[in-house]
Amino acid sequence: MSNRYVIDAGYVKQRQYNPSTGMYSLDVVQISKVQANQRAGRAGRTRPGKCYRLYPSKVYQDDFLDVTVPEILRSSLAGSVLYLKSLDLSDINVLKFDFLDPPSFESLEDALKQLYLIDAIDENGSITSVGRTMAELPLEPSLSRTLIEANEYNCLAQALTVAAMLSAETTLLLSRSNRTEKKRKHTPRDLPDGSGLGDHIQLLQIYERWDETDYDVDWCRDNDLQVRGMKFVKDVRKQLSQIMQKIAKGSLDVRANQSRKGGQQDYRNLRKALCVGFANQLAERMIHHNGYRTIGFKPQLVQVHPSSVLRTDEEGMLPNYVVYHELISTSRPYMRNVCAVEMLWVTPILKKLEKLDINKLSGGVSHIGEGTEETLAEAPKKEVDVAGLSNDRESKIQAARERFLARKANK
């Protein structure tokens, strides 16, 4: 029986979220001692083996963290904060909540701002009716908001397709098996161009074209699309359709709105839904060139990714406003998966940014008298009915627990 070997370089690629820029990055970082021990354990899992570590034991002892950084410290917290808001506990102050692994103040602040911009919470930090619906859906808040808005505009079927396509990052990459053959044949792609409106529309058009072929894998190969990725998208769309079926106003079939006629107005409602759902991921074009400035809390200069199908006008200028799916940083910051939106839709978001108050959004504030606010931490300084307050809190916790169990049973 031959031995098995593991070569441990001491590094790992780890996806991390930067709340100050709203950008995810894939960074090469040192592993932790826990990860190092796990890698060593793989060598002898099924048969005798050895693990060769390409770093000194002193590095292991002195430089490696004892445990891996928890995911809550390197992810967007919008979903977690939305769940806390849905519990209806008036004394929960998100910024002071006792997390097991406390995230940074900046991450919590970023999550509150995101939820406010997509209408999940109001300016006083209270969860809205839209926010409650979002909390019921096992999806990222921005995606939930987009689908809810699309449902109102009768374009939910299209929004589901776009959401599924965005879930597969490598869908449009040339499949490895065909790469050499395609170079040899020099066969041009016969893919839609998004009608000049952007990548989200192109993704929708590609999937609809694939649907017309009855999901023929040969069509994917002929157009340099990864077959495995497209099948994954099909499965994701099916799952999303099942989730949204309860609130859907119309058919969720891919061809639900195939009665549309060609033209620039075909996808207006879908783009508006994307603008509402990804209100924290908007950018405004600079005056004299095609560079963009992100709209939000800490604006930064970015550019449209070279792979985008977003079209320029007769003067060679890109749209004034766009929504992007993500920011990536390579040689410079780029917006990837970009779609044109209209100023009319962006203006209400800009007005919300002007009156944003992070302390109100956090919650945990009780209003006593006119124009005064005090946190519950300060309440014991005055005479209050502590017993009554405690009983009320327990009843709310019990009600929240029952709602959670009921929601879990429905899933």
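Position 1 is the first residue of the sequence; numbering continues from there.
- Taking the side-chain hydrogen bond (donor to acceptor under 3.5 Å, both in side chains) definition, one finds that Lys351 meets it with nothing, sequence neighbours left out.
- Take Asn290 and apply the side-chain hydrogen bond (donor to acceptor under 3.5 Å, both in side chains) test, not counting sequence neighbours, and it matches no residue.
- With respect to Glu342 and Arg271, a salt bridge is recorded, a charged nitrogen being found less than 4.0 Å from a carboxylate O.
- Within the 3.5 Å criterion, the main-chain N or O of Ala120 finds a donor-acceptor partner in the side chain of Thr128.
- The environment of CD in Glu140 is sparse: at most 12 heavy-atom neighbours from other residues, nucleotides or ligands sit within 6.0 Å.
- Ser241 is linked by a side-chain contact (heavy atoms from CB on, under 4.5 Å) to Leu160, Arg237, Leu252, counting only residues two or more places apart in sequence or in another chain.
- With Thr294 contributing its side chain and Gln300 its backbone, the two residues share a donor-acceptor pair below 3.5 Å.
- The ring pair (Phe, Tyr, Trp, His ring centres under 6.0 Å) check on Phe99 picks up Phe97, with sequence neighbours excluded.
- For Phe64 and Tyr55, the gap between ring centers is short of 6.0 Å.
- For CZ of Arg228, the number of neighbouring non-hydrogen atoms (other residues, nucleotides, ligands) closer than 6.0 Å is 12 at most.
- Here Arg4 pairs with Ser2, Arg47 under the side-chain contact (heavy atoms from CB on, under 4.5 Å) rule; sequence neighbours left out.
- Here Asp27 does not pair with Lys13 in a salt bridge; the nearest charged N to carboxylate O distance is not below 4.0 Å.
- Under the side-chain contact (heavy atoms from CB on, under 4.5 Å) criterion, Gln35 pairs with Val12, Ile31, Ser32, Thr68, not counting sequence neighbours.
- A search for ring pair (Phe, Tyr, Trp, His ring centres under 6.0 Å) contacts involving Phe232 returns nothing, not counting sequence neighbours.
- Taking the side-chain hydrogen bond (donor to acceptor under 3.5 Å, both in side chains) definition, one finds that Asn320 meets it with Arg285, sequence neighbours left out.
- Partners of Tyr52 according to the ring pair (Phe, Tyr, Trp, His ring centres under 6.0 Å) rule, which considers only residues two or more places apart in sequence or in another chain, do not exist here.
- Counting only residues at least two apart or on different chains, the salt bridge (Lys or Arg N to Asp or Glu O under 4.0 Å) pairs with a member in residues 64-84 are Lys33-Asp66.
- In terms of the side-chain contact (heavy atoms from CB on, under 4.5 Å) criterion, Glu314 has no residue partners (sequence neighbours excluded).
- Asp218 meets the side-chain hydrogen bond (donor to acceptor under 3.5 Å, both in side chains) test with Arg221; sequence neighbours excluded.
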